[in-house]
Amino acid sequence: MTTNPAEKKNYKQTLNLPQTQFPMEAKLVQNEPARLKTWQEEHLYKRLLTARAQSPKGKWVLHDGPPFANGDIHMGHVINKVLKDVIIRFRTMQGHQTPYVPGWDCHGLPIEHKIQQELGPKLREMSVVDVRKRCFEYAAKYVKVQSEQFQRLGILGEWGNPYLTMKPEYEADTLEVFARFVEAGLVYKQLKPVPWSVSNQTALADAELEYQDVTDTSIYVEFPASGLERVGTPFGLGPGDNLVFVVWTTTPWTLPANLAIAVNPDVQYALVRYHRDGVDRVGVVAADLIERVFKDRVSKFETIKTFEGAQLVEAVYQHPFVDRRGKIVAADYVTTTDGTGLVHTAPGHGEEDYETGVRVGLDVYSPVRADGKFDDTVSEWLRGKTVWEANPIITNRLREKGVLLGEEKITHSYPHDWRSKKPIIFRATEQWFVAMNKPFSAGSKVSGGATLRGLAKQAVEQTDFVPDWGKHRIGGMLDSRPDWCISRQRAWGLPIPVFYNEAGEALLTPQSVRAVARHFRERGADSWFTDEPDELLGADFRYPPGFSAGKLRKEKDIFDVWFESGSSWHAVLQCRSYLKFPADLYLEGSDQHRGWFQLSLLPALGATGQAPFKQVLTHGFVVKPDGKKVSKSDPEYVTATKEIETHGADLLRLWTCSVDFEGDIPTSPKVIKEFGDKYRKIRNTLRYLLSNLYDFNPATDAQEIPPNSLDGWALHQLDALVRDVTEAYDKYVLHRAFRLLHDFCAVQISAVYGNAMKDRLYCEVPNAPLRRRSQTVMHKTVVALVKLLAPMLVFTADEAWEHIRHKPADDRELQTVHMALLPTASDSSPTDDQLQEWKLLMELRDSALAQLDALKKEVGLNKALDAEVIYQVEDDALRRKLEAYGVDLADLVGAGFHSFAEKSDKAGPAVTVKVVDRRTTYQACARSWKRRPDVGTDAEYPDLTARDAQAVRSLK
RNA sequence: GGGCUCGUAGCUCAGUUGGUUAGAGCGCGUCCCUGAUAAGGACGAGGUCACAAGUUCGAAUCUUGUCGGGCCCA
């Protein structure tokens, strides 16, 4: 039984052991850049567009939402761009032509701030145009940085010609969208309170506010009721009862602008009789706050009635020191956490107050000038005083009038100007709006009568949202959103092209906007700050009555940056003829329901009546492994650029595809590092398949695959994989596609099929039909697998593709897998009987493996090749069915030999399997290591099985 | 505080219209192989399905509430 070692080594040389140049170690970080360079040099993106130009599948367009051109890319960018790229590549492989134009949002406050910081005091000496030039350079720099980082991820697109919101043609195209809004009659100007810096005499954006805790004097003020119809008479009060509404405010200076008092209609209010300063009064306050309002302020107080806030609405009061009456109005933001439950409302001095004011039709009254001093519309004793001076003056005045119920120091968080560190005020200024509820005018593209809100609601209904709750989310936001304020008081943005005559009347017509657009297209938006109105409008502009060339003043405001990015459907999809409108898909983070999705929908509807997208896909946000928000200082923070340089783009891509992106995405450097195991499993499976195909050419070697064989089973598994993965991609359930692919590699190929095929692949003569049959299946498998993986693992799939020898006829001319079409599943499906048979076979496999494990523990049987599997079958028909599988019956568990036996026990299943230790019964073959009864039957090779003896002989 | 949303093994995910002992892969542990070898295989241990109440013969699945996240507002 002993074999001479030299001879043993000799036998090894007679085997067909796997061979491949496809390395086990990916070295992604080193190798990806070279592959990327090849794609760029070979113009892969352009060639794909050309190749699909005549495709019957037609064009499919994903429209890119523009990231902000600021800083390095982070994991949010990685997830977003990878998902886009994977989906686009899938559509390409389905046969669509898929032009993809990436873009950047270039204007806006963050960049302007960076430049302001860089310039410091020099800023004041510079012209707007010079500041804008600096901003432009800054944005351009980060467009370049991010572009390179995105490309490093393997994102394919028109990187040589992206869309930038700061390019002159984009600016002009945005103005065309604005012109259509003007045409539709939806643009109007109105006062609106904005955060205002008195020290710098300028409006501030939310991002320029810094909240600091300050101590202020808050006051409780009695507003006398004017008439008792609503609350007095119904509760039995008479004129002598002195009914007052008690309000609380931390900003007494806003009292001159008080136009209403807000109450919550669902909150309980009370009538409280109290005595103060020798006068009996009845006050209205929220029931929950009676103690807080009256305790220690009045000698005694008693509740005489409680009722719902709704009862108060429409009641009238007299302003305590202005000759003006106001009404009680309903507002659901009123709470009973502090104050009195009755909220002093000055629409010119607060956001909520403003919205309430607009809702109930109040003036936006703001008697404060830019320098923070009162104007002449207020009482004489306040005129010219600053709002800070006014606080004590007003408080004293109220005390003198006998309507000051109380004073109280409070510490609260109050917004401050981040530059001057001084508290800000809310002050109404003129702003431009797009109306949500105004019917379109007759001349517009949209039929009259419709409103923007109505159209938007309808469009949302007709759009496919993934996940579907996006529809409710954006729908709810559309219900409650106020008119769109499109003006900003900044420098770095697109100027709103409005002119004013000496009377202050605005020149804003579709023609005037288009005239400026023409100028911008030539000279860029910077020209707004350098050129004269008549130059901007052009020589052939026909001035409407009341306006003339020499006497115009330019608007100072710029557009909300959302108006620019929200016009990209026009500037990009419509203005680039090779794209299409509407887009097939918009894909962004779920924060864009309020942002880009909504603010693209509104302009598109306003200008065309049509939504810019057919489908909207959203993804969640990166969080820490514990599900909480990440910040840059967390150890779990993943620095995208660093991860790419540590693990390679393919790993990050695959990881992105493995998570359910609909919700939060837990991430950490550790999570990503450990994910490398999944990548390696897939890579090694590909390597194993490739290595067994080194001498296989399907054109000459392919075999028919009988269904009743492990090859047949494997082919069916592959068919199912192709179908399921394609469907998962198609529905954008990428994590399912990933899981299917990974598990197929780990289970179907690595554990089951690949393992079972080893004996025949290695030991049969190269041309043996059994070996060629398995290679036929493996070849089909590796081709399909690489194609299915290609959208995710762009580098690895491309690399593996190069190692597939003898590609199928349709793919032979393709330099890269990325030009290929998806694999198709065979059109014939196995019969139910066949499926049952395979299922039985796998059950028998499980049973045999369990017995092998038991034998290992009991008698030290470590190698399945030393065992025999005996199939105990009840009836001959079943036996014949199983016999057709031949050596598969032993190989599927790696046994040396298999045989059949009568089933002694008639009870139980029709077939059982028994595993027997043959170490002392049969001799082990020196070549195949199988223990079989036929080892020793060949006279020439007594240490081999008949099959191996024959093989060695034929190889001589 | 409001709108939307999520919560199944250490991790990533399955769990059909409510129906036997809740599944998979990875990881982990133990073992095997050394002809996929910085690979490969087998077996095993892991879960009060966030919590509580309710509907039901029966709930991870339906209802309500609580707790804890996330996004967007206030």
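The sequence lines fix the lettering, A, B, ..., with proteins before strands; numbering per chain opens at 1.
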Determine: side-chain N/O of [X] to OP1/OP2 of [N], distance under 4.0 Å, yes or no.
X      : N     : value
A:K863 : B:C33 : no
A:K856 : B:C33 : no
A:Y333 : B:C73 : no
A:S750 : B:G41 : yes
A:R687 : B:U37 : yes
A:N862 : B:C33 : yes
A:H735 : B:A14 : yes
A:K629 : B:C72 : no
A:R845 : B:A42 : yes

Distance, [atom1] atom - from [M] to [N], rounded to whole angstrom:
N     : M     : atom1 : result
B:A60 : B:C71 : P     : 31 Å
B:G44 : B:U63 : P     : 38 Å
B:G40 : B:G25 : P     : 15 Å
B:U64 : B:U5  : P     : 13 Å
B:G27 : B:G46 : C1'   : 11 Å
B:C43 : B:C6  : P     : 37 Å
B:C31 : B:G19 : P     : 41 Å
B:G1  : B:G47 : P     : 36 Å

Contact class for [X] (heavy atom, under 4.0 Å): base, sugar-phosphate, or nothing?
X      : value
A:V747 : sugar-phosphate
A:N755 : sugar-phosphate
A:P625 : nothing
A:D664 : base
A:E352 : sugar-phosphate
A:S658 : sugar-phosphate
A:R927 : base

Classify the ring geometry of [X] against [Y]: parallel below 30°, tilted from 30° to 60°, perpendicular beyond 60°.
X      : Y      : result
A:Y922 : A:F897 : perpendicular
A:W596 : A:Y586 : parallel
A:H619 : A:F661 : perpendicular

Sidechain-backbone polar pair: [X] side chain, [Y] backbone, donor-acceptor under 3.5 Å:
X      : Y      : value
A:N264 : A:V334 : yes
A:D483 : A:M436 : yes
A:R359 : A:A330 : yes
A:R653 : A:P791 : yes

Rounding to an integer number of Å, can you tell me how far [X] [atom1] sits from [N] [atom2]?
X      : N     : atom1 : atom2 : answer
A:Q748 : B:A24 : CD    : P     : 14 Å
A:Y354 : B:A74 : OH    : P     : 14 Å
A:N80  : B:C71 : CG    : C1'   : 15 Å
A:L617 : B:U5  : CG    : C1'   : 16 Å
A:L741 : B:C26 : CG    : P     : 15 Å
A:R680 : B:G40 : CZ    : P     : 10 Å
A:I665 : B:C71 : CD1   : P     : 12 Å
A:W655 : B:U12 : CH2   : P     : 10 Å

* Can you check whether A:W929 stacks with the B:G35 base, using ring centres under 5.5 Å and planes within 30°? -> yes
* **5′-ward residue of the pair A:D626/A:S928 relative to RNA chain B** => A:S928
* Asked: Taking the nucleotide of RNA chain B with the closest heavy atom to each, which residue, A:D677 or A:G476, is nearer the 5' end?
  ->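 Taking each residue's closest nucleotide, the earlier one in sequence belongs to A:G476.
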* Glycosidic conformation of B:G46, syn or anti, with 90° from 0 as the boundary? -> syn
* Asked: Of all heavy-atom pairs between A:Q775 and A:L761, which one has the smallest distance, and what is that distance?
  ->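 Residues A:Q775 and A:L761, closest heavy atoms: CG-CD2, 3.8 Å.
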Pair partner, [N] [Watson-Crick or wobble, under 3.5 Å]:
N     : result
B:C4  : B:G70
B:G47 : none
B:C26 : B:G10
B:A52 : B:U64
B:U21 : none

* Asked: Has the side chain of A:R594 got a donor or acceptor that lies under 3.5 Å from a partner of the other kind on the base of B:C71?
  ->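 Answer no: no donor N or O sits under 3.5 Å from an acceptor.
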* To do: Decide yes or no, distance alone: a donor-acceptor N/O pair under 3.5 angstrom between the base of B:U12 and the side-chain of A:R739.
  => yes
Which nucleotide, [options], lies nearest any side-chain atom of [X]?
X      : options             : result
A:D591 : B:G70, B:C71, B:A36 : B:C71
A:D853 : B:A36, B:C43, B:U5  : B:C43
A:D660 : B:U12, B:U5, B:C13  : B:C13
A:R473 : B:G41, B:G25, B:C72 : B:C72

* **Validation row, ring centre A:F738 to ring centre A:F675 under 6.0 Å** => yes
* Asked: For the rings on A:W248 and A:H344, is their centre-to-centre separation under 6.0 Å?
  -> no
